[in-house]
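Take a look at the structure set out below.
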Amino acid sequence: MKDSKLTRALSWAIDLVCAGLLWCLFSLPVFTIGASGTALYYAAVKCIRHDRGTLWKVFWQGFRSNFKSATKLWLVYLAAMAVGYANVAAARQLGGAGNPPLMALAGAIFLPVALTLPWLFAYVSRFENSLAGSLKFVGFLALQNVGRSLLLTAELLGALLIAWLIPYVAPLLPGPLALLQSLTIEPVFRQYTENASGADAWYNE
């Protein structure tokens, strides 16, 4: 019994690390980070949490089936972050480095990005919607669940800080982060899927 539990724990840990490594690999072109993040969340919840399918098949399914929608949404977020960076750079040139309110105003666009980004990949992995519809609903989720959004943002920023301080552990972080964030996101999603039926409705477990 102990050996069996140990074997399952090791297998779970290996899948978690491998999921993060797959995210790193599929994110290399940068513009694919949206699809890769969506696939990572999908695999973390379906394969690692609910033991449905094999990691590679589930990850690839999530990446391929959501590639177009996730990539379009990610490009919107990239554009927003580019605008925010340009605003901050311009404010600094105008002497804003010594003016915190001006710098905060210049970087204000980063706040909605940070609060909604964790919801974005998770939402796309589970639901289908138009580009505008997805952005609106993700914004709705973030505002309706402000406490959860702040927690998710803190977890994301914490992972980025660890990756910055200890770069060699960075490839090991995406898998655990996706699994950790799913604990906050999935209870919200169940409000929308609890009446869904299917032969394998793993998302309601």
Side-chain angles (χ1 to χ4, degrees), residues 19 23 26-27 30-50 52 58-85 87 107-160 174-175 177-205:
W23 178 86
F26 279 73
S27 296
V30 179
F31 76 90
T32 60
I33 287 178
S36 185
T38 299
L40 173 63
Y41 184 88
Y42 186 69
V45 178
K46 183 174 183 177
C47 180
I48 298 175
R49 279 191 62 179
H50 294 288
R52 296 293 202 279
V58 173
F59 186 95
W60 176 244
Q61 178 187 0
F63 184 87
R64 183 183 59 183
S65 61
N66 297 299
F67 181 82
K68 289 184 179 180
S69 57
T71 300
K72 289 178 181 178
L73 287 164
W74 172 241
L75 291 178
V76 171
Y77 273 68
L78 271 182
M81 287 186 282
V83 170
Y85 178 81
N87 286 344
I109 194 171
F110 288 114
L111 181 60
V113 168
L115 290 176
T116 59
L117 187 59
W119 294 100
L120 179 70
F121 299 147
Y123 176 77
V124 177
S125 77
R126 188 69 54 80
F127 304 99
E128 293 184 6
N129 206 336
S130 64
L131 178 66
S134 295
L135 291 172
K136 288 179 182 178
F137 198 77
V138 167
F140 166 76
L141 288 174
L143 290 175
Q144 188 185 44
N145 304 276
V146 175
R148 291 177 185 268
S149 299
L150 292 173
L151 175 60
L152 292 168
T153 301
E155 291 170 351
L156 177 59
L157 294 177
L160 292 174
L177 177 63
L179 188 66
L180 177 63
Q181 297 208 317
S182 75
L183 300 177
T184 300
I185 293 173
E186 287 303 300
V188 176
F189 280 3
R190 289 194 190 99
Q191 300 173 24
Y192 301 95
T193 61
E194 59 185 358
N195 295 323
S197 59
D200 187 27
W202 51 269
Y203 40 78
N204 284 326
E205 293 179 353

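As a basis for the values below, the full set of heavy atoms in this structure was taken, side chains included, without hydrogen atoms, waters or symmetry mates.
Q144 CD: more than 12 foreign heavy atoms inside a 6.0 Å radius.
Distance check, rounded to the nearest 0.5 Å: CZ of F31 to OG1 of T71 gives 6.5 Å. The OH atom of Y123 lies 9.5 Å from the CD atom of E128; values are rounded to the nearest 0.5 Å. Expressed to the nearest 0.5 Å, how far CZ of F189 lies from OG1 of T184 amounts to 11.5 Å.
Just one residue in the list V138, L120, N129 forms a side chain to side chain contact (heavy atoms under 4.5 Å, CB included) with L73, and that residue is L120.
Residues P187 and R190 have side chains in contact (heavy-atom distance under 4.5 Å, counting atoms from C-beta outward). Residues Y192 and L141 form a side-chain contact, since some pair of their non-hydrogen atoms from C-beta on lies under 4.5 Å apart. Two residues are said to be in side-chain contact when any heavy atoms from C-beta on lie closer than 4.5 Å; M81 and V113 meet this criterion. Taking the side chain as every heavy atom from C-beta outward, E155 and L177 approach each other to under 4.5 Å. For the pair T116/Y77, a side-chain contact is recorded, criterion being any heavy-atom separation below 4.5 Å from C-beta on. A heavy-atom distance below 4.5 Å is found between the side chains of W119 and L152. Between I185 and V188, every side-chain heavy-atom pair lies at or beyond the 4.5 Å cut-off.
Across every non-hydrogen atom of G62 and A39, the tightest pair is C-CB, 3.9 Å. Nearest heavy-atom pair, L40 versus A19, reported as atom, atom and distance to 0.1 Å: CD1-O, 3.5 Å. In plain terms, the two heavy atoms of H50 and R52 that are nearest each other are O-NH1, 2.9 Å.
Between the S36 side chain and the W23 main chain, a donor and an acceptor come within less than 3.5 Å of each other. One N or O on the side chain of T153 and one on the backbone of A114 form a donor-acceptor pair closer than 3.5 Å. With W74 contributing its side chain and V30 its backbone, the two residues share a donor-acceptor pair below 3.5 Å.
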Return all side-chain donor-acceptor pairs below 3.5 angstrom for residues 130-137, not counting sequence neighbours, or 'none' if the list is empty.
unit_1 : atom_1 : unit_2 : atom_2 : d
S130   : OG     : G133   : N      : 3.0
S134   : OG     : S130   : O      : 2.9

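For F67, the ring pair (Phe, Tyr, Trp, His ring centres under 6.0 Å) criterion is met by F63, not counting sequence neighbours. With sequence neighbours excluded, the residues forming a side-chain contact (heavy atoms from CB on, under 4.5 Å) with S182 are Y41, V45, R49, L179, E186, listed by chain and number.
Classification of the F26-W60 ring pair by plane angle, with boundaries at 30° and 60°, yields tilted.
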- Task: Would you check, one step at a time, whether the test side chain to side chain contact (heavy atoms under 4.5 Å, CB included) holds for L150 with L115?
- Result: CA-CA 7 Å; L150 292 173; L115 290 176; 3.8 Å; yes

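Side-chain N/O atoms of N66 and Y42 include no donor and acceptor closer than 3.5 Å.
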